[in-house]
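Report on one structure; see the data block that follows.
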Amino acid sequence: MACEQDYYTIMYGLQELDFEGGKAVPSDLVLIGEHAFPLAMNPRGQVLMAASRYGEGRVVVLGHEQYLTHFPGLIENALMWLMPCTGDAGIVGIQKSLCSVAENLKYCPIKTELGDFRNGLAIYITDAYSVENCAKDLIAFIKAGGGLIIAGQAWSWAAAHPQENTIRNFPGNKVSSVAGIYFSEHEGEIGIFPVPRSIPSSWLAVSIGKDFKDDLQFLLEGVSEFDVQGGAIASEVMVHGPLAFPIAVTPAGKAFIAGAYYGQGRVILVSHEGFMGRESLSTFMINAIKWLDEGRSGVIGILPSLQAAQTVLSKSGLDCQLTGFKEDLSVYVCTSYSDAQCAEIQEFVAEGGGLMIGGHAWYWAQTHCGCNVMTDYPGNRILNKMGLCLLGSTLGGGLYKAPEIEHSCKDGYHFRSMLHRFAEHVSLGQELTNQEQSCLKQLGNDCASYLRMRSHDSAAYTSMVGLLSDIVKEVGVPQVCSNCPVQSAKDHLMLHVGTEVYKVSPDPDALLPYIIKDRPNMPTVSNARVRITANTGACEEWISTGLYLSPGMKTYIAVPPEIVGKNWQVQLGCQTDNIGGSDVLKRAPVVHERFPLGTEMVQVCNLWGGLIYLIAPPQSKVDGAEIVVQVSVQAPYFKSGETSVADWVDRIRQAPAPWAELEFENIIMTLESEYIRNLDRPDEVAKLWDTIMRSIADLAAKPAKFPRKERFVADVQISHGFMHAGYPIMMHSTSAPGLVNVQEAYKSGMWGSIHELGHNQQRRVWEFPPHTTECTCNLWSVYIHEEVLGLNRSNAHPAMTLENRQARTKMYCSGGKDLKSWSMWTALETYMQLQEKFGWDAFKKVFTAYHDMNGVPNDNAAKMNLYAETFSKVVNLNLCPFFIAWGWPIQPSTQEKISHLPEWNDHPMVQYA
């Protein structure tokens, strides 16, 4: 890390710092951004000296001007670090009132010059009180490569200016703030402190750098509520910087509008761009734009696509223009969807500009699977340095009260203050209040999000990694399993933090014993070779290897050149459900990892271990390429056509990995190995599932060979439901034995598994959500149970008895045939009546007709009319009377299109007509 080397250079040869010698009372310094780092920190976590970079130059900030002469060794080191490669013969300019500093430097082999700042110097040394008139020149000097030492304290200035904002208006902050260092109004505690070998850090330093009461009073003037009702779905905002603060929050404490100081400028983040143009939010937005403008009455530049925002913000009386970014603006208003001018915008704000930025990140996160929203989302590339970011989680609309300012400042949730309290609880044993305990789950989520920023070049970030690592070592991580579920908020937090800090720790092996106490010792195989063949379509595909990694186990994978850099990935772990939203956890929230195959040798590791997969990207074709896995654990893996039953029984099913896979013609099952240790006839299981899957394709009127094999994964806990569809289909481990018990399948059926496979067959063109979402998937359940398993529909599921079917239909009709009630089993009855009259072949022909159909409408009413028309043409009968009897919104135009067909007048719904 660059700043570690910088720290070493500045503090070289210093064993301790005696701050008591001169009795000077320094300012506590506030550090933000990625380049600022402390040089001296007292036991209370207060920063008394710091350094940073800005542009091409460097800055050293001392919390009192006496330190310019009190620590000559440090000053000499700092001058060596600050000295640029260019300049007027390396001249060090010294403010003329600092004669003693010049005197101290007489014996150094450098040229010094007493006087006001001028161009051409290499370094300038000044106090923090005399820079206001030359602040812009000094900033330009630093940005161009100059070095600056600035020293002073702001607490006495703050006492003399009680109505002023110290962070904003103290003279020294008009310069040092661009580099992310601020003189605060708080006095620093002095003493004699040893100089640590690495950049000092402390949990006590995790604090907020300002009381934002005056900012909130300005911003919330005349604002009693935030009306964000309607269809706009916002993202949650995370407030993580010491000079960032939440403004508007939901009752659950989730922020959707926040502000921050950055350098000399200010920021407002709105988590949906539509909010900036809402009339109901206009009072706040006008306050916000004035807060950002800071009385300059300059030009407010608004991204041209935000015309509604211009309409609202123009009511402020400021000059609001639709324009792209320009340096001469007072405030820039834009969205978070582009980072094309990231560096320019950050510099603009650092040097005094205002930024209002709006947008959400949830859609980006959903459409960029495998990407890190914290580091890769465009808006976060701009915002992270400013102490704010947009998360991938969503916030629904509502009418939310404006926060009570006193409560918000003292007791409102803030990531840094809550983490400070939790660290205090861990380090000193201080009890948490009930309110604080209720915030622990949120804190765990925020810690995980913060760690995902992966800002390893930032001292603030590495300090946070160190702090959270210490907490993990002190508290430990709960040993979660089905028999020891995690329920308390504190255990939730530690499980979340332990997982994420392991991923970014500089020494993860040292953390491993605190996270997983009993790691299994399994026999390994060396240099396992796996041949891969793939021919993917529009979707990615998992390719099983039959290999496993134990928790925390590292291995190298040799990658064939034909897939290097082609968007292929390695996935460790089959359990891809994120269960972090559950109150009770039977495993960690996220237990799989993915790694890009960007080089011919890739190292991979997953804290929780897992089966090894290759992820073939869409539209990729590979035939027989080979990977080599340096070290791994063999897993029980049966593959039809390749694995013999004898080998399975004698050897393979006893392979040591805790996860097993059965791969058949059209489906792959992943389940805990305990469920297959006694499986003698995997070939019979294959025969059953080959028949089931071909029959599923048959009803869907598709080729018997699936373009991508379906997958089942059985897990101790899943994100929602008893099972849920997708790739893979997720089910609870308790359901896993039913997948491989052939006799039980023929006896009792397997409705749930086929139901989920039916979900994967549903298509938008003939679906009418939400009515048929849990209905038409059951067409496959009925079909498979009758055509493959030989179970009559009345025996396949309790809801399918004739008595229950008739009762539902009668209730639906007596209720007025309201389509709001036409869903799930009731809706299925409509399709069952069609099937019982026209047979399964009619459905196959209908599905066939839809395969090549273009221009299908999006709204349910139009799609229902199209379905009625299509089914009628397939069976050569006018079905409109039947669908009308079910309450479908059949239009006269549809009736006209099929009026030439004879009407179905003796349909089952005649009695309810």
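Worth saying up front: this structure is predicted, and the values here are computed from it rather than measured. For this chain, numbers begin at 1 and follow the sequence in order.
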Ring centres under 6.0 angstrom apart ([X], [Y]):
{"X": "His360", "Y": "Tyr337", "value": "yes"}
{"X": "Phe325", "Y": "Phe348", "value": "yes"}
{"X": "Trp155", "Y": "His186", "value": "no"}

Rounded to the nearest 0.5 Å, what separates atom [atom1] in [X] from atom [atom2] in [Y]?
{"X": "Ser505", "Y": "Glu500", "atom1": "OG", "atom2": "CD", "answer": "12.5 Å"}
{"X": "Lys136", "Y": "Glu351", "atom1": "NZ", "atom2": "CD", "answer": "9.5 Å"}
{"X": "Met386", "Y": "Ile345", "atom1": "CE", "atom2": "CD1", "answer": "7.5 Å"}
{"X": "Asp28", "Y": "Phe183", "atom1": "CG", "atom2": "CZ", "answer": "12.0 Å"}
{"X": "Met276", "Y": "Ile302", "atom1": "CE", "atom2": "CD1", "answer": "8.5 Å"}
{"X": "Arg416", "Y": "Leu419", "atom1": "CZ", "atom2": "CG", "answer": "8.0 Å"}

Is the count of non-hydrogen atoms from other residues, nucleotides or ligands lying under 6.0 Å from [X] atom [atom1] greater than 12?
{"X": "Asp376", "atom1": "CG", "answer": "yes"}
{"X": "Glu16", "atom1": "CD", "answer": "yes"}
{"X": "Glu20", "atom1": "CD", "answer": "yes"}

Is it true that Ser330 and Asp293 share a donor-acceptor pair across their side chains at a distance under 3.5 Å?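 Yes, Ser330 and Asp293 have a side-chain donor paired with an acceptor closer than 3.5 Å.
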Can you tell me if Thr375 and Arg454 form a side-chain donor-acceptor pair at under 3.5 Å? no
Donor-acceptor contact present, side-chain Arg266 to main-chain Trp291, <3.5 Å: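 A pair under 3.5 Å: yes.
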Does the Tyr124 side chain pair with the main chain of Phe117, one donor and one acceptor, at a distance under 3.5 Å? yes
Would you name the heavy atoms of [X] and [Y] that are closest together and state the gap between them?
{"X": "Ala50", "Y": "Leu31", "answer": "CB-CD1, 3.9 Å"}
{"X": "Val178", "Y": "Ile139", "answer": "CG1-CD1, 3.7 Å"}
{"X": "Thr69", "Y": "Ser100", "answer": "CG2-OG, 3.4 Å"}

Measure up the [X] and [Y] rings against each other and bin them: parallel (under 30°), tilted (30 to 60°), perpendicular (over 60°).
{"X": "Phe19", "Y": "Tyr67", "value": "perpendicular"}
{"X": "Phe212", "Y": "Phe245", "value": "parallel"}
{"X": "Tyr461", "Y": "Tyr450", "value": "parallel"}

If you apply the rule side-chain contact (heavy atoms from CB on, under 4.5 Å), what do you find for Phe415 with Val239, and how did you get there? CA-CA 7 Å; Phe415 168 62; Val239 178; 5.9 Å; no
Worked check of side chain to side chain donor-acceptor pair (under 3.5 Å) between Glu34 and Ser458: CA-CA 4 Å; Glu34 64 179 354; Ser458 162; over 6 Å; no
Less than 4.5 Å apart, any side-chain heavy atom of [X] and any of [Y]?
{"X": "Leu114", "Y": "Thr112", "answer": "no"}
{"X": "Met374", "Y": "Ser449", "answer": "yes"}
{"X": "Met49", "Y": "Met41", "answer": "no"}
{"X": "Lys290", "Y": "Phe218", "answer": "yes"}

Val92 and its side chain to side chain contact (heavy atoms under 4.5 Å, CB included) partner, picked from Ile110, Val101, Leu121: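 Exactly one candidate clears the test, Ile110.
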Regarding Asp6 and Arg53, does a basic nitrogen lie under 4.0 Å from an acidic carboxylate oxygen? yes
